Number of protein chains: 2
Amino acid sequence: MAIGPSSRGTLSRQVLADHVYDELMVAFMDGRLEADEALNIDSLARDLEISQTPIREALARLESTGLVIRTALKGYRVAPLFSLEEVVELMNARQLIEPENAFLACSRSTDALVAQLEQTIVDLDRSSEQADSVATIRPYWQADERFHRLIAESTGNRFLLAAYTALGGHVQRFRLFGGLGVSDAGPAIAEHTRVLDAFKAGDADAARAGMDEHICGVRTRAVADAAGEH
Amino acid sequence: MAIGPSSRGTLSRQVLADHVYDELMVAFMDGRLEADEALNIDSLARDLEISQTPIREALARLESTGLVIRTALKGYRVAPLFSLEEVVELMNARQLIEPENAFLACSRSTDALVAQLEQTIVDLDRSSEQADSVATIRPYWQADERFHRLIAESTGNRFLLAAYTALGGHVQRFRLFGGLGVSDAGPAIAEHTRVLDAFKAGDADAARAGMDEHICGVRTRAVADAAGEH
DNA sequence: ACGGAAAACTTCCTATAGGAAGAATGATCC
DNA sequence: GGATCATTCTTCCTATAGGAAGTTTTCCGT
């Protein structure tokens with residue numbers, strides 16, 4: 001399991017549950033938690049050296065992200081592996097929402113947003129070169145997530161952001177337990193750049209189309225990846 | 001606040017937090033909780049005659065529905081009133097997702113689904129006649145919610161359902177704290193029926209169009225309602 | 001009387017210990 | 001060897017106690 005004690009030495013006037021939430025998130029990203037693994041409240045409390053209450057709260061919140069599954073009277077587990085079917089479903093769902101997000105965000109884009117998006121692509125590029133294991137791939141996924149989330153946050157519609165967030169957790173799960181390592185980096189960077197170019201040009205329709213192609217690309221590569229594996 | 005002790009006499013081998021969750025939901029629907037009201041963990045525990053732990057867990061889960069807001073170190077509150085701006089945003093978000101849900105659900109519809117949808121419209125009709133106060137309007141909202149949720153559940157895409165769920169809580173909040181009482185019933189029933197007719201005919205495009213019109217209608221009436229109030 | 005400081009109170013958050021119920025495991029007895 | 005029962009483990013829930021921060025009330029000095 002490998003969840004170490006939390007290093008909350010300083011200024012711990014922060015809610016402990018938030019800390020646990022972050023800690024678990026990092027553990028997910030670093031691949032220290034396997035799919036379907038049981039998440040024992042007692043063990044976690046022991047490992048993190050805090051009481052059960054904040055653990056329960058963090059897990060309850062994590063459940064709505066899809067990374068964690070709760071069975072009544074049985075406890076929490078890490079979400080299971082992604083099936084190919086699920087990957088397709090997830091991409092279909094993203095394809096409904098994210099192109100429109102890109103359209104809206106581009107329609108009301110600012111220089112600051114363009115700069116931020118550009119930064120995520122730089123990060124994506126840099127981290128793709130350095131990623132060579134499950135542990136070092138985290139910055140790559142973070143940059144990817146940040147790109148999509150920035151766009152969702154810039155739609156000016158908090159409910160579209162909520163809808164994206166509902167999918168975002170599952171996207172994380174896909175990244176972790178579904179497939180596509182850094183092998184995806186080349187095409188993904190190109191596709192992100194295409195979207196960014198549309199933002200720079202202020203062409204909202206092109207932004208939508210670019211995002212659509214990107215999601216299509218991810219799906220295609222994921223399916224191909226799964227087909228080439230068996 | 002008016003949350004009575006939970007009547008869990010029998011077979012209480014059920015997770016207590018689920019019970020609290022349901023109890024709070026019903027309290028919402030019955031209008032026993034006002035917008036922005038503080039949700040005191042201690043008080044709730046006293047009123048429901050259980051300890052704090054299941055309360056915390058239920059509230060943590062409710063937070064992801066948008067009906068409850070948590071501020072770190074301050075506690076939980078009932079979500080605030082809907083502003084007109086938010087209503088428009090919510091409807092725009094629904095308009096992106098729900099027509100497509102209708103299209104997909106219609107494409108793979110069954111007789112059973114049609115029957116269930118028809119039942120929700122019957123319920124909607126019946127409860128709209130009987131609803132005369134905030135307390136008796138609950139069945140009306142339930143029938144409305146059930147119609148939309150049934151469709152989301154029948155898309156065959158669990159992530160679209162997740163996205164709908166992310167919005168669904170806010171739709172509840174809109175119903176409660178945004179506006180449109182049973183005055184909405186006439187047009188709403190007609191629009192739901194239109195969608196149902198498309199399902200009966202197996203015309204997925206018409207189902208999508210019908211749902212699109214329905215959401216448009218809700219938005220238009222909500223905006224008109226708000227304009228006529230000041 | 002009034003402003004400000006101290007005390008009391010409330011509320012959230014944390015911690016710890018333990019009980020009840022179900023599941024899994026192993027031991028005993030036929 | 002197989003079935004039954006006891007033990008152990010896990011998990012949920014309860015109870016309680018206390019710390020920290022904010023808020024209200026009270027009280028004192030000017």
Side-chain angles (χ1 to χ4, degrees), chain A residues 1-24 33-34 36-64 67-80, chain B residues 1-24 27 33-64 67-80:
Chain A
M1 154 130 12
I3 305 270
S6 60
S7 60
R8 49 175 175 115
T10 62
L11 246 289
S12 73
R13 188 56 193 167
Q14 186 211 7
V15 180
L16 221 35
D18 291 341
H19 201 79
V20 177
Y21 187 95
D22 295 342
E23 201 80 24
L24 282 171
L33 294 171
E34 281 177 34
D36 247 330
E37 181 178 340
L39 285 171
N40 194 293
I41 295 181
D42 280 335
S43 313
L44 284 171
R46 265 196 309 275
D47 292 347
L48 294 169
E49 293 175 2
I50 57 177
S51 76
Q52 293 186 4
T53 313
I55 309 274
R56 308 181 84 87
E57 217 168 301
L59 287 174
R61 262 184 271 161
L62 267 168
E63 198 198 352
S64 72
L67 282 169
V68 150
I69 307 264
R70 167 178 166 275
T71 323
L73 304 176
K74 296 286 281 181
Y76 290 92
R77 310 191 68 79
V78 177
Chain B
M1 156 131 8
I3 306 269
S6 60
S7 61
R8 52 179 173 112
T10 63
L11 249 287
S12 72
R13 189 58 192 166
Q14 187 211 4
V15 179
L16 224 35
D18 292 342
H19 202 78
V20 178
Y21 186 96
D22 295 341
E23 202 82 22
L24 283 172
L33 294 172
E34 281 175 34
D36 247 330
E37 180 177 339
L39 286 172
N40 194 293
I41 295 180
D42 278 335
S43 313
L44 284 172
R46 264 196 308 275
D47 293 346
L48 294 170
E49 292 176 3
I50 56 177
S51 77
Q52 295 186 4
T53 312
I55 309 273
R56 308 182 83 86
E57 217 168 301
L59 287 173
R61 262 184 271 160
L62 267 166
E63 198 197 352
S64 72
L67 282 169
V68 151
I69 306 265
R70 167 179 165 274
T71 323
L73 305 175
K74 296 286 279 183
Y76 290 92
R77 312 190 67 80
V78 177

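Predicted, not measured: the structure shown is a model, and the values here were computed from it. All values below come from the heavy atoms of this structure, side chains included, with hydrogens, waters and symmetry mates left out. In what follows, chains carry the letters A, B, and so on, assigned in the order in which the sequence lines appear, proteins first and then strands, with residues in each chain numbered from 1.
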Asker: The side chain of A:T53 is closest to which nucleotide in this list: C:dA15, D:dC12, D:dT14?
Answerer: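 Selected nucleotide (nearest to the side chain): C:dA15.
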
Asker: CD1 of B:I55 versus P of C:dC12: gap in Å, rounded?
Answerer: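 These atoms are roughly 11 Å apart.
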
Asker: Are any of B:N40's side-chain N or O atoms less than 4.0 Å away from OP1 or OP2 of C:dC12?
Answerer: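 Yes, B:N40 has a side-chain N/O under 4.0 Å of OP1/OP2 on C:dC12.
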
Asker: Rounded to whole Å, please give me the gap between CG in A:L59 and P in D:dC13.
Answerer: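 After rounding, the gap between these two atoms is 14 Å.
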
Asker: B:D42 has a side chain; which of C:dA15, C:dC12, D:dT14 sits nearest to it?
Answerer: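 Selected nucleotide (nearest to the side chain): C:dC12.
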
Asker: Measure the CD1-CG distance between B:I69 and B:L59 for me, rounded to the nearest 0.5 Å.
Answerer: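 CG of B:L59 is found 12.5 Å from CD1 of B:I69.
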
Asker: Partners of B:S64 by side-chain contact (heavy atoms from CB on, under 4.5 Å), sequence neighbours excluded?
Answerer: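 B:S64 satisfies side-chain contact (heavy atoms from CB on, under 4.5 Å) with A:S64 only.
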
Asker: Give the rounded distance in Å between these two atoms: CG of B:L39 and P of C:dT11.
Answerer: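 B:L39 atom CG is separated from C:dT11 atom P by 13 Å.
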
Asker: Looking at CD of B:E57 and CG of B:L62, how far apart are the two atoms once the value is rounded to the nearest 0.5 Å?
Answerer: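 Rounded to the nearest 0.5 Å, the CD-CG separation comes out at 11.5 Å.
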
Asker: Between atom CZ in B:R56 and atom P in D:dC12, what is the gap in whole Å?
Answerer: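 Nearest whole value for this atom pair: 17 Å.
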
Asker: Can you list the residues that meet the salt bridge (Lys or Arg N to Asp or Glu O under 4.0 Å) rule with B:R46, with sequence neighbours excluded?
Answerer: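 By the salt bridge (Lys or Arg N to Asp or Glu O under 4.0 Å) rule, B:R46 matches no residue at all.
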
Asker: Quickly work out the A:H19 NE2 to C:dC13 C1' distance and round it to whole Å.
Answerer: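 Atom NE2 in A:H19 sits about 15 Å away from atom C1' in C:dC13.
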
Asker: Grab the CD1-P distance between B:I41 and C:dT10 for me, whole Å please.
Answerer: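 Between P of C:dT10 and CD1 of B:I41: 17 Å.
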
Asker: Starting at atom CZ of B:R46, determine the distance to atom P of D:dT14, rounded to an integer number of angstrom.
Answerer: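 Roughly 16 Å, once rounded to whole Å.
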
Asker: Out of D:dC13, C:dC13, C:dT14, which has the shortest distance to the side chain of A:Q52?
Answerer: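 Comparing D:dC13, C:dC13, C:dT14 against the side chain of A:Q52, the answer is D:dC13.
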
Asker: If you compare every side-chain N and O of A:S51 against the phosphate oxygens of C:dT14 (OP1, OP2), does one of them come in below 4.0 Å?
Answerer: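 No, A:S51 has no side-chain N/O under 4.0 Å of OP1/OP2 on C:dT14.
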
Asker: For B:I50 and C:dA20, give me the distance from atom CD1 to atom C1', rounded to whole Å.
Answerer: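 For the pair B:I50 CD1 and C:dA20 C1', the rounded distance is 16 Å.
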
